[in-house]
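Numbers here are sequence positions counted from 1. Below, each value reflects all heavy atoms present in this structure, side chains not excepted, and no hydrogens, waters or symmetry copies.
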Amino acid sequence: MSTLWSRRIHLRAQAGLTLLEMILFIVVLGVAGVALLSTLSAPLTGAGEQTRALTAAQVVQARMELVLGQKRKAGYPEDVSDCKAALDPCPGATLSACALPAGWSEPAVSCEAWNANPTDEYVVVVVSAAGPDGTSATARTLITNLGGG
């Protein structure tokens, strides 16, 4: 009889998992899955912000190129007040180069004196733009009258 009893115990041990073991396995697997998914999704949360920052930089750079081209065409301004007058070719123009992404406001173009000298031969051109989601960018460049003209 002892061999029959030991055989039953042996068969019961190999019968499979209990309900408690299955529930514990599911809980552990769920916690591990949540941890894994949160780790993998963390880098994706900032992806849209990088795209918006790149768009802002491109908008500002494109307008700066137009402003510098206009400066080369029109000549160097005598002082900062002349710089502000007609440096940006886009306001009121229908140039395709002036087109902006949807929702973007018209970039602001301004000039600043370099070293706080308004009649200096060095003028800083500043272009700032803001997007519909609050993303903004600013670019500054120094233009000079070196070489005369």
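- Taking all atoms of both residues into account, the shortest heavy-atom contact from L100 to P107 is CD1-CD, 3.7 Å.
- The side chain to side chain donor-acceptor pair (under 3.5 Å) check on S136 picks up nothing, with sequence neighbours excluded.
- Atoms CG and CE, from L20 and M22 in turn, are 11.5 Å apart once rounded to the nearest 0.5 Å.
- A distance of 10.5 Å separates CG in L66 from CD in Q61, rounded to the nearest 0.5 Å.
- For E65 (side chain) and A62 (main-chain N/O), no donor-acceptor pair under 3.5 Å exists by modelled atom type.
- Counting heavy atoms from C-beta outward, V60 and T138 have side chains that stay 4.5 Å or more apart.
- As a member of the Ile/Leu/Val/Met/Phe/Trp/Tyr network built from side-chain separations under 4.5 Å, L54 groups with nothing else and remains a singleton.
- For E106, the side chain to side chain donor-acceptor pair (under 3.5 Å) partners two or more places apart in sequence, or in a different chain, are R63.
- In terms of the side chain to side chain donor-acceptor pair (under 3.5 Å) criterion, T55 has no residue partners (sequence neighbours excluded).
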Cut-off 3.5 Å, no hydrogens considered: what does the side-chain donor-acceptor table look like for residues 30-40, sequence neighbours left out?
| unit_1 | atom_1 | unit_2 | atom_2 | d |
| --- | --- | --- | --- | --- |
| S38 | OG | V34 | O | 3.2 |
| S38 | OG | A35 | O | 3.0 |
| T39 | OG1 | A35 | O | 2.8 |

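- Taking each heavy atom of P132 and A102 in turn, the nearest pair found is CG-O, 4.0 Å.
- Here the straight-line distance linking atom CG of L29 with atom CG of L24 works out to 11.0 Å at 0.5 Å rounding.
- For residues 26-40, no pair satisfies salt bridge (charged side-chain N to carboxylate O under 4.0 Å, His left out), with sequence neighbours left out.
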